[in-house]
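In the text below, chain A, chain B and the rest are named by the order of the sequence lines, each starting its count at 1.
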There are 2 protein chains.
Amino acid sequence: MPNKPSIEGRTKGVEALYEKPGHLVRRANQISMAIFAKECSELDLTSVQYAALTAICDCDGIDATRLSGLIALDRATIGGVMDRLETKGWVHRKPSQSDRRIKALHISASGKALLEAAGPKVDEVQKRLLAPLSPDEQQTFLQLLTKLVLLGNENSRAPQKELDAQPLKEDAA
Amino acid sequence: MPNKPSIEGRTKGVEALYEKPGHLVRRANQISMAIFAKECSELDLTSVQYAALTAICDCDGIDATRLSGLIALDRATIGGVMDRLETKGWVHRKPSQSDRRIKALHISASGKALLEAAGPKVDEVQKRLLAPLSPDEQQTFLQLLTKLVLLGNENSRAPQKELDAQPLKEDAA
DNA sequence: TGCTGATAGTATGTATGCTGAATAAAAATA
DNA sequence: TATTTTTATTCAGCATACATACTATCAGCA
């Protein structure tokens, strides 16, 4: 992607930007989100919403704080995401009996149906995102990216956390 | 990151998420931005603002639409970014004489000073982001990430574009 | 010259993503 | 038991990010 000779000297600083990992990661995320949006627009579903729904489906009755750790979504952001999922009827919140601070999260039938419909499309997103790389390169890339994310986990405000206990039976299903 | 045996079956769907490139790329960007924020918070500078300033410094008199292509920043987002840069006194906008639709962008002295102060910190961000990988791995990772971003470029709404002409001399410095 | 299509900038509305603070309830402890 | 600390949620506010639409202007062309 060379610029024309006439501006070569002047764009040096910008081209330094193109090599910076931070910039490249931002671009990759931009591309990933764009592909997701195209693929799932008719479902009215974002990638964050898909992640949240997947987690709630798996961990029925989970609370927002633990969900936040599971999918590495900022705690303060989750409220709005849940509002939208609830508006679309895919999730409902039920106050916990044992801890009145908690609102247990449950997926609805339509939420499950949506998850199933989205599954193949989400897989297609991953395929298209990695398409520029050969199968070998894809494997290497994923391995390195996983390492980077795992070991860099604590640097983000919303580090991924494993579930240290299952939700109370009372809040499940 | 195994979960306790008791919930192993239930979290299977969530763990599938952890292997998805889209999720990993989102996490990597999250981590990258967090490191940048920590490193540059005392400068009151975000990574997007740094990218924009770098480009404006290099291409004095550039207009917002071309800047958008240079750093792959959504056209509709640039207005707000420029507002904030102008408020902080790092950039000023000057109406073009030859095309009254255009507002040429210029970096100020304090903007240049800030860029110089930020330079080492931004380099440190890149180092910390890649720190989980060995030198060899870092090189491989950057190479694959660059390939992915270059070839996936057209998938995003704000694809990176090279400058096809320099700004009119009239609008420069 | 007058019309038409393309372009630059802006505005509106939605969705993350984060900081910091406020509130309420539970847990720990003196 | 009373006090302190921790925890769960929410809210206000700022900064991207994107879709869509609107205005002003420019450029090409009949």
- Counting only non-hydrogen atoms, which of residues 78-91 of chain B are less than 4.0 Å from DNA chain D? B:Val81, B:Arg84

- Message: Need to verify one output field. Residue with the more 5' nearest nucleotide on DNA chain C, A:Ala76 or B:Arg75?
- Response: B:Arg75

Scan nucleotides 27-29 of chain C against the protein and return all N/O pairs shorter than 3.5 Å with their distances rounded to 0.1 Å.
none

- Message: Can you tell whether the side chains of A:Lys103 and A:Glu86 come within less than 4.0 Å, N to carboxylate O?
- Response: no

- Over how many whole Å does the gap from B:Met33 atom CE to C:dT16 atom C1' extend? 9 Å

- Message: Expected output is a numbered-order residue list: members of residues 34-49 of chain A with a heavy atom under 4.0 Å from any atom of DNA chain D. What is it?
- Response: none

- Query: Only one of A:Thr140, A:Thr146, A:Leu148, A:Leu142 forms a side chain to side chain contact (heavy atoms under 4.5 Å, CB included) with A:Leu144, so which one is it?
  - Reply: A:Thr140

- Could I get the full list of ring pair (Phe, Tyr, Trp, His ring centres under 6.0 Å) partners for B:Phe36, not counting sequence neighbours? none

- side-chain N/O A:Thr65 vs D:dT9 OP1/OP2, d < 4.0 Å: yes

- Task: Specify the residue among A:Thr77 and B:Lys103 whose closest nucleotide of DNA chain C lies further upstream toward the 5′ end.
- Result: B:Lys103

- Short side-chain N/O contact from A:Arg26 to OP1 or OP2 of D:dA17, under 4.0 Å: yes

- Enumerate the residues from residues 113-131 of chain B whose closest heavy atom to DNA chain C is under 4.0 Å, giving them by residue number; use none for an empty result. none

- Message: Under the rule for ring pair (Phe, Tyr, Trp, His ring centres under 6.0 Å), what residues qualify as partners of B:Tyr50, not counting sequence neighbours?
- Response: none

- Message: Please determine whether a side-chain nitrogen or oxygen atom of B:Arg100 lies at a distance below 4.0 Å from atom OP1 or OP2 of C:dA8.
- Response: no

- B:Asp74 CG - C:dA8 C1' separation (whole Å): 14 Å

- With respect to the side chain of B:Ile102, which nucleotide from C:dG9, D:dA17, C:dA25 is positioned closest? C:dG9

